[in-house]
Participant: 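There's a structure below that I have some questions on.
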Amino acid sequence: MQIIADWFRRLFTDPQAVILLVILLVGGGVILLMGQMLTPVLAGIVIAYLLEGLIQRLERLCLPRTMAVYLVFTLFSAGVLFVLFGLLPQASRQLTQLVQQLPSMIVKGQELLMGLPEAYPSYISEAQVTQLIDTVRSELGNLGQQALTWSLSAGLGLITLGIYLFLVPFLVFFFLKDKHQILAWFHRFLPEDYSLARQVWHEVDAQIGNYVRGKFMEIVVVWAVTFLQFAMMGLQYAMLLSLMVGLSVIIPYIGAVVVTIPVALVAFFQWGWGPDFMWLLVGYTIIQVLDGNVLVPVLFSEAVDLHPVAIIVAVLVFGGLWGFWGVFFAIPLATVVQAVINAWPRRGASDAAMA
């Protein structure tokens, strides 16, 4: 017990460390306990934070903040309308068409699988193919039941979505317009000296702002370029598949591998083992290589100094806690943890300060 007491005393003798810990616990507790109720507010804060960077750039160009807020919010509203009435309806139609085509794809895939034992009798047997087909059918049945359950709850989801579509832009506008008043109100509840918390925030702000805005631009660029390739080659469900490819960059390392499977399957069932299939995979591979080796270094000039294992662990942990938003902000949240660890007072520094 003495060892634990000494360790606890060493970590929390610095008042700044205690203040930082309290701020983290209160903030984390609010998100964990009230996150679902405050989802529109949290979404509004996140979006306003992302738009704040563009507003500050306009202010540096000598544009008054009020005009900058109205201009940026107008662009944001136009983007939301484009997604709602331009992108999502087309992707939804293509998803419906893909679901309708699944039975014929399954039949064709079954015929190809049944031909494998005859072509490669030394490597695969008819019993193995039959077992694989039964497993796939069982999984598809489970997916069908999940889709039915989702469709039954879709009505309530649409109502919630409609409420969010009104509330979130409303909150974003006032978070941007009254930013200084809101921050001044929060400062009333903070101690006079919270320099360590401010240091952590400055480090996190520099990393998160660049990362999230860069990630958003990466999604848009990868989606647009992939859509152009798929559309020019006449690939079915080009909008849906390119949107999946664009969103796949959210999940580092894993996303690109997972989304390649539906792209390759749709291309194969459309063209077979033909030159179109090969050229599509070549073009798709080039896009992925350029994204990782050209686009990412340009967008993320200040690279996040995290080990790949730490990134994957962050995706799993925060994705499990907060779903899509947890995955999207996994790396920024990991940088928060890293910034806290780096800024936390250490024994040597404390002893030197006391001396």
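The basis for the numbers below is simple: all heavy atoms, side chains too, and nothing from hydrogens, waters or symmetry mates. Please read all numbers here as calculations on a predicted model, not as lab measurements.
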Participant: Is it possible for you to say whether Leu81 and Leu71 belong to one hydrophobic cluster, with membership spreading through side-chain heavy-atom contacts below 4.5 Å?
Facilitator: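 Per the 4.5 Å side-chain linkage, Leu81 and Leu71 are co-clustered.
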Participant: Using side-chain contact (heavy atoms from CB on, under 4.5 Å) as the criterion, list what pairs up with Pro262, not counting sequence neighbours.
Facilitator: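 side-chain contact (heavy atoms from CB on, under 4.5 Å) list for Pro262, sorted by chain: Leu241, Met244.
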Participant: Closest heavy-atom contact between Met239 and Gln94?
Facilitator: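 Smallest heavy-atom distance, with atoms named: N-OE1, 3.1 Å.
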Participant: CD/Glu59 to CG/Leu54 distance, rounded to the nearest 0.5 angstrom?
Facilitator: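 Answer for the CD-CG pair, Glu59 versus Leu54, is 10.5 Å.
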Participant: Atom OG1 in Thr260, atom CD in Gln288: separation rounded to 0.5 Å?
Facilitator: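 Here the rounded value is 6.0 Å.
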Participant: If you look at every heavy atom in Leu176 and Arg65, which pair is closest and at what distance?
Facilitator: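 Closest approach of Leu176 to Arg65: O-NH2, 2.9 Å.
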Participant: Can Val41 be reached from Ile182 by stepping across I, L, V, M, F, W or Y side chains whose heavy atoms are under 4.5 Å apart?
Facilitator: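 Linked, Ile182 and Val41 end up in one cluster.
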Participant: Ignoring hydrogens, what is the shortest heavy-atom contact between Ala48 and Phe175? Give both atom names and the distance.
Facilitator: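 For Ala48 versus Phe175, the nearest heavy atoms are CB-CB, 3.7 Å.
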Participant: May I ask whether Val220 and Leu228 are part of the same hydrophobic cluster, defined by side-chain heavy atoms of I, L, V, M, F, W, Y residues being less than 4.5 angstrom apart, directly or through others?
Facilitator: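 The answer is no; the residues belong to distinct hydrophobic clusters.
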Participant: Please name all residues satisfying side-chain contact (heavy atoms from CB on, under 4.5 Å) with Phe170, sequence neighbours left out, ordered by chain then number.
Facilitator: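 For Phe170 the side-chain contact (heavy atoms from CB on, under 4.5 Å) partners, ignoring immediate neighbours, are Phe174.
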Participant: When you group the ILVMFWY residues by side-chain heavy-atom contacts below 4.5 Å and let the links chain together, are Leu280 and Ile261 in the same group?
Facilitator: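 In one cluster with Ile261: Leu280, yes.
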Participant: Rounded to the nearest 0.5 Å, what separates atom OH in Tyr237 from atom CD in Gln97?
Facilitator: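 That separation rounds to 6.5 Å.
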Participant: Partners of Val80 by side-chain contact (heavy atoms from CB on, under 4.5 Å), sequence neighbours excluded?
Facilitator: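 In terms of side-chain contact (heavy atoms from CB on, under 4.5 Å), with neighbours along the sequence ignored, Val80 is linked to Phe76, Leu84.
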Participant: Taking side chain as C-beta onward, heavy atoms only, is Thr66 less than 4.5 Å from Lys177?
Facilitator: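 Thr66 does not reach Lys177 side chain to side chain.
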Participant: For Ser242, check side chain to side chain donor-acceptor pair (under 3.5 Å) against everything at least two apart and list the hits.
Facilitator: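 Ser242: side chain to side chain donor-acceptor pair (under 3.5 Å) contacts with Trp223.
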Participant: Check side-chain contact (heavy atoms from CB on, under 4.5 Å) between Leu290 and all other residues, then give those that pass, not counting sequence neighbours.
Facilitator: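 Scan of Leu290 (side-chain contact (heavy atoms from CB on, under 4.5 Å), adjacent residues dropped) gives Ile286, Val294.
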Participant: Kindly give the heavy-atom pair with the smallest separation between Gly246 and Ile219, and that separation in Å.
Facilitator: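 Looks like O-CG1, 3.6 Å.
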Participant: So Leu243 and Phe227, do their side chains get closer than 4.5 Å, heavy atoms only?
Facilitator: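 With C-beta onward as the side chain, the pair stays apart.
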Participant: What is the distance from atom CH2 of Trp185 to atom CG of Asp178, rounded to the nearest 0.5 Å?
Facilitator: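 Rounded to the nearest 0.5 Å, the CH2-CG separation comes to 13.5 Å.
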Participant: If we ignore hydrogens and angles and just use 3.5 Å, is the side chain of Ser248 paired with the main-chain N or O of Val245 as donor and acceptor?
Facilitator: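 Yes: the side chain of Ser248 pairs with the backbone of Val245.
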Participant: Suppose we screen for side chain to side chain donor-acceptor pair (under 3.5 Å). Which residues come up paired with Tyr49, at least two apart in sequence or across chains?
Facilitator: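 With sequence neighbours excluded, Tyr49 shows a side chain to side chain donor-acceptor pair (under 3.5 Å) to Asp205, given in chain and number order.
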Participant: Answer yes if Met232 and Val222 sit in the same cluster of Ile, Leu, Val, Met, Phe, Trp and Tyr residues linked by side chain heavy atoms under 4.5 Å apart, and no otherwise.
Facilitator: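 No, no single cluster joins them.
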Participant: Looking at residues at least two apart in the chain, or sitting in another chain, which of them share a side chain to side chain donor-acceptor pair (under 3.5 Å) with Thr285?
Facilitator: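 By the side chain to side chain donor-acceptor pair (under 3.5 Å) rule, Thr285 matches no residue at all.
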Participant: Apply ring-ring contact (aromatic ring centres under 6.0 Å, His included) to Tyr70 and list each qualifying residue two or more places apart in sequence or on a separate chain.
Facilitator: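 In terms of ring-ring contact (aromatic ring centres under 6.0 Å, His included), with neighbours along the sequence ignored, Tyr70 is linked to Phe173.
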Participant: Would Tyr284 and Thr226 count as having a side-chain donor-acceptor pair, cut-off 3.5 Å?
Facilitator: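 Judged by distance alone, the side chains do not pair up.
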Participant: Below 3.5 Å, can you tabulate the donor-acceptor pairs from side chains in residues 265-272 to any protein atom, sequence neighbours excluded?
Facilitator:
residue	atom	partner	partner atom	Å
Gln270	OE1	Gln236	N	2.9
Gln270	NE2	Gly234	O	2.9

Participant: Mind checking what makes salt bridge (charged side-chain N to carboxylate O under 4.0 Å, His left out) contact with Lys179, not counting sequence neighbours?
Facilitator: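 Per chain and number, Lys179 pairs via salt bridge (charged side-chain N to carboxylate O under 4.0 Å, His left out) with Glu52.
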Participant: Looking only at heavy atoms, which two atoms of Val168 and Ala43 are closest? And how far apart?
Facilitator: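 Heavy atoms only, the tightest pair is CG2-CB, 4.3 Å.
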Participant: Any idea which heavy atoms bring Ile287 and Gln229 closest together, and the distance?
Facilitator: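 Nearest heavy atoms, Ile287 then Gln229: CD1-OE1, 3.4 Å.
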